[in-house]
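A quick write-up on the structure given underneath.
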Number of protein chains: 2
Amino acid sequence: MVLDTMSSDNPETRERILKAAWRLLEKSQGRGVRMTDIAKRAGITRQALYLHFSTRAELLIATTHYIDEVRGSDERLAPSRSAQTGTERLDAFITAWGTYIPEIYGMAKALIAMSDTDDAAAKAWGQRMEDMREGCEAAIRALNSDNMLSSTYSPDQATDILWTLLAVRNWEQLTITCGWSQEKYIETVKSLARGAFVIENVS
Amino acid sequence: MVLDTMSSDNPETRERILKAAWRLLEKSQGRGVRMTDIAKRAGITRQALYLHFSTRAELLIATTHYIDEVRGSDERLAPSRSAQTGTERLDAFITAWGTYIPEIYGMAKALIAMSDTDDAAAKAWGQRMEDMREGCEAAIRALNSDNMLSSTYSPDQATDILWTLLAVRNWEQLTITCGWSQEKYIETVKSLARGAFVIENVS
DNA sequence: CTGTCAATTGACACAGTGTCAAGTAATAAA
DNA sequence: TTTATTACTTGACACTGTGTCAATTGACAG
């Protein structure tokens, strides 16, 4: 009888690695994190990493899933989905995503950097952005259903713009480079989006 | 008497290298261009590159200056500077910069990618972005002088937003990823900027 | 004919990723 | 007690790309 106290492909170690990667990526804002560093922090050798993840890209991608799971990226979207009006939904989505960015920033930076050379990384990050785009699309669609979408842009175009506005790079530039607070960032993006997409209430 | 047909630190070769780098960077959109490739295209050996540029970062930076020179990046700003009204200046600046981006995109991508690891590259790209920011600032200031700057944002804040809006990454996302035409990109950015910064003309 | 200068050739150091083979320590099963 | 299995270690090595160095070549100039 096998009472696997330490079952095949040890999940404890795997999680220790993911935690280590996450920690290091956030601490260094995604720059200069080597396999060696992650291994050291996880308390194993560099080679042992490859018993769990076959490439650096795979480890990075697994880290994103781990963060999503721990941080509950899905539940964050609940307020957005249950919003009554299109405007509320837009606001809620911007808040949800805008609040999530700083939590994944290090990992995102590393994955984006890898995307330049590694196809798997590019595909994984592209998929995540595609997922995020659906949130943008849903918000714009809600606005459109309320007949509140400005005629300046088509729904597709508005989705593209909102999607671009919410890019990690823009968050990075405004908060890190320009020194904005997180609150100011969120408020400004909301104000920009509202100004661009929501029909003025002329009283 | 030395009639230097081939003066010290041969400028012909230097230029051939810069042209080769430029060509390759644009062709491959800044990805995967190695010193070997540039040397080959310039018709010299990889090692000979180092007789002209001491590092890859230095070569990339020199390439940006070369492009600026050939493409006359300065003259492009003339219409912006001579604009009569703030709104015109804003439009002219967006057109100038927005038209310039596709010409430097490959090089910009490569330099941004290097910035993750190389401090010299980061500094050089940061400087270019700082220069561009001055154009944003001037446009916003012109708007403010005309009393046409919306009270929603302070001049500093408006500058930060315009600067972010005009980032290369946003151009990349809208044109390359979303498939927008260059014209649509320019028009949309103009419309977004006008909507965000220019006071409505209530008649 | 001699010096200079750009460029070549071939070698090597270094960092980081990924691979492989042999060994170890713990745990489980016969 | 012996035997297998599993997770991990150790040490070595291949590969890529950057950057360096020493010795050599070929051209041109005085």
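Each chain gets a letter, A, B and so on, in the order the sequences are listed, and its residues count up from 1.
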In whole angstrom, what separates [X]'s [atom1] from [N]'s [atom2]?
X        : N      : atom1 : atom2 : result
A:Phe53  : D:dA7  : CZ    : P     : 14 Å
A:Leu49  : D:dT10 : CG    : C1'   : 15 Å
B:Asp118 : C:dA15 : CG    : P     : 16 Å
B:Tyr50  : D:dG17 : OH    : P     : 12 Å
A:Met114 : C:dG18 : CE    : P     : 6 Å
B:Arg16  : C:dA7  : CZ    : C1'   : 10 Å
B:Leu59  : D:dG19 : CG    : P     : 10 Å
A:Arg56  : C:dG18 : CZ    : P     : 8 Å

### Query
So does A:His52 get a side-chain nitrogen or oxygen closer than 4.0 Å to the phosphate oxygens (OP1/OP2) of D:dC8?
yes

### Query
Within the structure, does a side-chain N or O atom of A:Thr45 lie under 4.0 Å from either OP1 or OP2 of D:dC8?
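For D:dC8, OP1/OP2 do not have a side-chain N/O of A:Thr45 under 4.0 Å.
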
### Query
Taking atom types as modelled and ignoring hydrogens, do the side chains of A:Lys190 and A:Thr95 form a donor-acceptor contact shorter than 3.5 angstrom?
yes

### Query
Once you round to the nearest 0.5 Å, how far does CH2 of B:Trp163 lie from CG of B:Asp160?
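Here the interatomic distance stands at 7.5 Å.
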
Closest nucleotide among [options] to the [X] side chain:
X       : options               : value
A:Leu51 : D:dT20, C:dT17, D:dC8 : D:dC8
B:Thr55 : C:dT19, D:dG19, C:dT8 : D:dG19
B:Thr13 : C:dG18, C:dA6, D:dT18 : C:dA6
A:Ile44 : C:dT8, D:dC8, C:dT17  : D:dC8

### Task
Look at atom CZ of B:Arg133 and say whether more than 12 heavy atoms of other residues, nucleotides or ligands are closer to it than 6.0 Å.
yes

### Query
How do A:Arg34 and A:Ser54 order along DNA chain C: which one's closest nucleotide is nearer the 5' end?
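Final value for this comparison: A:Arg34.
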
#### Entry: Distance-only donor-acceptor test (3.5 Å): side chain B:Gln47, base D:dG19
no

### Task
Could you tell me whether the side chain of B:Arg46 has a donor or acceptor atom within less than 3.5 Å of a complementary atom in the base of D:dG19?
yes

#### Entry: Residue pair A:Leu166 / A:Cys136, side-chain heavy-atom distance below 4.5 Å
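Contact flag for A:Leu166/A:Cys136 side chains = yes.
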
### Query
Looking at B:Leu59, B:Thr13, B:Leu18, which hits side-chain contact (heavy atoms from CB on, under 4.5 Å) with B:His52?
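Exactly one pass, corresponding to B:Thr13.
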
